[in-house]
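First up is the structure itself, then whatever we jot down about it.
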There are 2 protein chains.
Amino acid sequence: MTLSAQEPQKSEDAGPFDRFLCFAAYSTSLAFNRLYKSVLDDLGLTYPQYLVIVALLHRDRQAVSELGDALFLESNTLTPLIKRLEAAGLVTRQRDSADERVVRVSLTAQGRGLADRIACVPTDILKATGMSIEELGALQQGLMKLGDNLRASQRD
Amino acid sequence: MTLSAQEPQKSEDAGPFDRFLCFAAYSTSLAFNRLYKSVLDDLGLTYPQYLVIVALLHRDRQAVSELGDALFLESNTLTPLIKRLEAAGLVTRQRDSADERVVRVSLTAQGRGLADRIACVPTDILKATGMSIEELGALQQGLMKLGDNLRASQRD
DNA sequence: CACGATTAAATCGTGTACGATTTATCTAGG
DNA sequence: CCTAGATAAATCGTACACGATTTAATCGTG
């Protein structure tokens, strides 16, 4: 490997990780995260916070565990994240009266107001990928299948 | 979407994120991370620490910035990570005498001793993917290209 | 030689992630 | 009805990840 500190590497010279799909997933996820950060900064959201808002726009009053199933996260990550959304005035949290163990998360008017500004986010990201819809679709299919398999193998 | 809290969702019913490649990358990266955690726990390494060790096994005495180019990370992330590796006795850090700004990271004998145990890690992971080499290769190609594009769009 | 600009690490603050544990609530079997 | 187990959130400690800043060393140009 002949990495130069000045010129960031390209795939053609990707160092000792060429063989590792895992590294590809890892570094692409980092790149997405950084890109989202620049797009979402205007909204004052992080990427996981954005995902929670999108989930609630799709269906409101979800339990923490339901959000966790959708995002593949658990309460140890979600609870503080949701509390920050609450502090920002975007959601409210309240115990379910039918089952006091459950905390349901609802969008405030202000939170629902993000819908329009959120709508254009995927388009912005799409441009940055520089790839065709077909390529992206194939990648997504493969990744979802891979993710499912990894999570399944984790469980046993 | 009809998510049940009891049964984790599959791709066929992936909630409101079906359309989002970014979410696929994000959640697959999380799944990889969790899987690696269970494999690497025996070695006492995290996944990013493992990547640093692999990079140093490939070429020793790399500068922090060179490791950063290989891993797409910067000193704010790498410095504390490398200090933890140093505290674990796996690497040493020393200023480059030719350029005192540069810190070079070297494997200790103990660090190099991980090579054998690290060698079998990719095989373990491969099994968990449940996918063919061809599929994985295609995914990796696509992801590296995507990652390159995202990083390029980030720079301007 | 000087000195402003650049570069390499380090530092700091915030926000995920996650294993492990804790607390509160609910449910079933006796 | 009452308690053992299960379940949902929350809490705690550790480790990334990153924007912004700081410190120290080097370089470039006059």
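Side chains included, hydrogens not; waters and symmetry mates left out as well; all remaining heavy atoms used.
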Phosphate-side-chain proximity, R34(B) and dA17(C), N/O vs OP1/OP2 below 4.0 Å: no

Same apolar cluster (I L V M F W Y, side chains within < 4.5 Å links), L71(B)/V102(B): no

Donor-acceptor contact present, side-chain D96(B) to main-chain V103(B), <3.5 Å: no

Sugar-phosphate only, base, or nothing, as touched by R104(A) at under 4.0 Å among non-hydrogen atoms: nothing

Lys/Arg N to Asp/Glu carboxylate O, D148(A) vs R151(A), below 4.0 Å: yes

Residues in ring pair (Phe, Tyr, Trp, His ring centres under 6.0 Å) contact with F32(A), at least two apart in sequence or another chain: none

Interatomic distance where CD belongs to E100(A) and P belongs to dT27(C) [whole Å]: 12 Å

R112(B) with D60(B): basic N within carboxylate O range, under 4.0 Å: yes

Whole-Å distance separating the CG atom of L67(A) from the P atom of dA9(D): 9 Å

K37(B) NZ to dG13(D) C1', straight-line distance once rounded to whole Å: 12 Å

Side chain of S65(A) (C-beta onward), nearest among dA9(D), dC18(C), dA17(D): dA9(D)

Residues E100(B), R95(B): salt bridge by 4.0 Å N-O rule: no

Nearest-nucleotide 5' precedence on DNA chain C, N33(A) against R101(A): N33(A)

Between P of dA9(C) and CG of D69(B), the distance in whole Å: 10 Å

Protein-nucleotide distance (Q49(A), atom CD; dT14(C), atom P), rounded to Å: 14 Å

Base-pairing mate for dG30(D) - Watson-Crick or G-U, with both contacts under 3.5 Å: dC1(C)

For atom CG of L73(B) and atom P of dA8(C), their distance in whole Å: 16 Å

Nearest to side-chain heavy atoms of A63(B), which nucleotide of dA9(C), dA17(C), dC16(D): dA9(C)

Nearest-nucleotide pick for T46(A), side chain only, options being dA10(D), dC16(D), dT16(C): dT16(C)

Earlier contact from the 5' end, DNA chain D, for D41(A) and R93(A): R93(A)

Contact list for DNA chain C against residues 74-83 of chain B - heavy-atom distance below 4.0 Å: S75(B), N76(B), T79(B), K83(B)

Residue closer to the 5' end of DNA chain C, Y47(A) versus D99(A) (nearest nucleotide): Y47(A)

Length of the CZ-C1' vector between R84(B) and dC16(D), whole Å: 7 Å

For L90(A), the option from V52(A), L43(A), L85(A), L56(A) that meets side-chain contact (heavy atoms from CB on, under 4.5 Å): L85(A)

Spacing between Y26(B) atom OH and dA17(C) atom C1', to the nearest angstrom: 8 Å

